[in-house]
Amino acid sequence: MNNEPRQNPYEVLGVEKDADARAIKKAYFERVRQNPPETHPEEFRRLREAYELLSDPEARQAFDASAAQQADGPEAAKNAALQEAISLFEAGDKAGGRRLLTELLNEQPDFHDARILLGRHFLYEGDAKEALAEFDALLARAPDHWQGHLQRGWALLRLEQMKEAADAFWRAGKHGPSEVGPRVALADCLEAMGQVADSLKVLEQAQSLPGISRMDVLALKVRRIATMLEFGQDADAAKELERLDAELPEDADPELRRWTGGQLSSAAAHLFAQQKSKGANQLLAFGRRFNPESATEVAYPTRVILDVDALPPVTREWLHAEAERTDGWRAVMTWVMPAILTLGAAAATAFLLAFISFGISERDVWDWVWCAVFAAVFSGVTWALARRLLRVMASPYGRFNTIHPLHLIQVAIDRITVWPLVHLQDLQLVNRHVNGAYQFTAIELRFNDKRMTLPVHGREKAEALAQELIARRRRVLELLGRGMLDAESGVEHLPPALLARADTKGRVRAENARSAWPGVFAAAGVGVLLVAGAVWPQRQTASAHAWTRVASQGDLSSMLKYLREQSDSRFTPRIQARVDAELDKARARLVERLEPGSAAAPSREFFGSLLDAVQRKHSRRVNVEWEAPAGTRTSAREDPSDLLVSAWQRTVDEALGQGVLVVDQGRGLPVNGPPVLTLRVREALRPGAGGASSQRVWSVAQEGLGADAPAPPLELVADAADPRALEVLFRAWVDRWHLPGAGNRRPLLLTASTLVQEARP
């Protein structure tokens, strides 16, 4: 039971009546270690009550005086009867305890302590209606009994009759004008009803009760600050904390300061339970000023990642024991996968550098820039993976999870991730299936704004782990609320002060730890230097390969492209010689085909100039561009561009042979280079003289051969109504420039009209 009268606190703790505060605290922690609450809840409760009573100087003095008065007084028999009932309850004989109390009340109806004990027993057993009946019976005989009203309020609160409970607590305060308990109970009830402002007002007024101790005043102030933080009044809470600090300066009573720190920790535990971690940490950080000796009453980060090398010896010993218990040692697969990744990255980097250094493709500046970027990335990644492999090989641990008295611990080879259980706010079990077959259970946990998942193979194992986490968190909050977290076995294995060393990213590094980034950048720089050193050899190799390819192909276009885009003194003279030989053959064909005396013989100089331009510009393109009359739109069917290109291609092939020049409309392949000659044909329409039909006019000009080239500009005219106007215009062009085809009356532009007329008998 929670509310039975206390036993002799000196006997419970095993100390003398004249023991000082240090001896009482030492005895308390020693007995708590021997009787932890999870295995000895009743004994722990008695220890806690005894410690609280003897830790309060005024309460201790009052107990000593009461004990001296009752030792031989008339109340001794009643107290003995109550103690006997308590002993029956503790022994599990609940019926016997109730029977004894009922007999006492039948004999002495005004024995109010016995009725309160019986009602609180019913309340503890969950029978709030029976408890309410007992408290109503007490108040019927003693309407001004403040404890009766207080206990009646608790029974009504259990029955969820909030307004009636608030009224009962108010009456308890009215009839107990110097009692703090009814005011705190009323504040809690008003807070549960959503009347936060009224709750804060009640707590503030309670601080002015007559005869109230200083410790009770401090406890009320802490309770009020916690309520403010719970309901978002952070600014007001900060001001109250500063006032509290000013009220207890550093030169104040050390025991009182430590006691106040414990009250702040207790309030923080309540806020953690309400998932108000920010406010709880604020209280713990502030309470650190009052109780700096505590190892556990500190602010807890949501998550901390620690290097194993940063752990103190005691933590390493504990981690070693946990690895032994959970079989968390490094296994073969722990280092095989990092080794495979490292070797793979090294092989990929070596292949990339070999490809860059010995590749035969031609590269421009941007190609080399991208090569340097890739080499830097691959080299940096390889170095990082190699460093990771060395760290894996240096650590004896693999990957496993374990539960510290205060935290959930994830061990990952050379790092551990600490998740303080005070921040655990949500836990869910999700069974994962593949094709309908169960694979594992994922425990999804939320610590404030961070989430993490624990995969566990086996449903029962996952449920057991989840229950252990929930129970452990409940225990941590309970011990923190009671100021007993320091006494918990095992908390020293991972000192909270170590977690407080975390940087802004939540990392705690070893003192001699070096950042990986300088090594990554250095490796990347080495990769860039290797690429830079490979530029000249690779260009030599690429040039040699280009020469070999061009020499094997032997076509004029490839040789001209090589001369145009490459300038390797080793091979350029050879290519130039082969080009000159090909052009000499074209000149020989020109002389042979355009014999002296023929109609096209005068155009030898024109074609010779073309060959000279090819030899000079290393290009073999001739561009023919036709422009429609201004202000008109010509359909694709009426556009003569393709006809002109085809006619000119036949013309140059007839004069120089096939494969020497390429005629296009300015959209030729880059391999053929820029045009050595551009023929512009601008068409216009103008009316005929004297009412004659309109005329179709071509203005022909050349660009590229120079002003002295043997190809003067022309103006060619034909009847616009003539269906063979295109043929007439091009025929006039051929005749005027003495091109091949001059004197030949066969169609030169193979249009539909000319072909039809040619086919007539």
Cation-pi check, Arg391 onto Tyr397 ring (under 6.0 Å, within 45° of axis): no
Tell me the closest heavy-atom pair linking Ala732 and Leu716, and the distance in Å. CB-CD2, 4.0 Å
Val308 vs Val411 side-chain heavy atoms within contact, under 4.5 Å: no
Grab the two heavy atoms, one from Ser361 and one from Ala542, that are nearest each other, plus how far apart they are. O-CB, 3.7 Å
Tightest non-hydrogen contact, residues Tyr562 and Ala546, listed as CE1-CB, 3.9 Å
Spatial distance of atom CD (Glu582) from atom CD (Gln615) [nearest 0.5 Å]: 12.5 Å
Can you tell me how far CG of Asn401 sits from CD1 of Ile409, rounded to the nearest 0.5 angstrom? 9.5 Å
Start with the C-alpha gap between Glu654 and Arg593, add the side-chain angles, then the distance that decides, and say whether salt bridge (charged side-chain N to carboxylate O under 4.0 Å, His left out) holds. CA-CA 8 Å; Glu654 183 178 348; Arg593 295 182 179 183; over 6 Å; no
Cationic N near anionic O, under 4.0 Å, Asp309 to Arg415: no
Would you say that Arg303 contacts Thr417 through its side chain, given a criterion of any heavy-atom pair below 4.5 Å between the two side chains? yes
Centre-to-centre under 6.0 Å for Trp737 and Trp733, is that the case here? yes
Between Arg451 and Glu444, does the salt bridge (charged side-chain N to carboxylate O under 4.0 Å, His left out) criterion hold? Intermediate values first, please. CA-CA 7 Å; Arg451 297 180 180 272; Glu444 298 180 352; over 6 Å; no
Given salt bridge (charged side-chain N to carboxylate O under 4.0 Å, His left out), test Asp414 with Arg330 step by step and report yes or no. CA-CA 10 Å; Asp414 62 336; Arg330 183 184 68 202; over 6 Å; no
Roughly how far, to the nearest 0.5 Å, is the NZ atom of Lys561 from the CD atom of Glu565? 5.0 Å
Donor-acceptor list for residues 510-521 side chains, cut-off 3.5 Å, not counting sequence neighbours:
| unit_1 | atom_1 | unit_2 | atom_2 | d |
| --- | --- | --- | --- | --- |
| Ser515 | OG | Trp517 | N | 3.3 |

Please list, chain by chain and in numerical order, all residues satisfying ring pair (Phe, Tyr, Trp, His ring centres under 6.0 Å) with Phe351, sequence neighbours excluded. none
Separation between CD1 of Ile416 and CD of Glu322, rounded to the nearest 0.5 Å: 11.0 Å
What distance do Asn448 atom CG and Asp426 atom CG have between them, rounded to the nearest 0.5 Å? 12.0 Å
Do the side-chain N and O atoms of Gln540 and Arg570 include a donor-acceptor pair separated by under 3.5 angstrom? yes
Flag the pair Gln702 / Thr678 as yes when at least one side-chain heavy-atom distance between them is below 4.5 Å, and no otherwise. no
List the atom of Glu715, the atom of Ser699, and the distance in Å for their closest heavy-atom pair. OE1-OG, 4.4 Å
Sub-4.5 Å side-chain heavy-atom contact between Gln665 and Asp642: yes
Salt bridge or not for Asp653 and Arg650, using N-O below 4.0 Å? no
Please report the closest heavy-atom contact between Pro740 and Ala655, naming both atoms and the distance. CG-CB, 4.0 Å
Val614 pairs by side-chain contact (heavy atoms from CB on, under 4.5 Å) with which of Leu661, Leu656, Leu677? Leu661
Between Thr349 and Ser379, is there a side-chain donor-acceptor contact under 3.5 Å, judged purely by atom types and distance? no
Using every non-hydrogen atom in the two residues, find where His407 and Leu499 come nearest and quote the distance to one decimal. CE1-CD1, 3.7 Å
Please report the interatomic distance OH(Tyr438) to CG(Asn431), rounded to the nearest 0.5 Å. 5.5 Å
For His618, what residues pass the ring pair (Phe, Tyr, Trp, His ring centres under 6.0 Å) criterion, not counting sequence neighbours? none
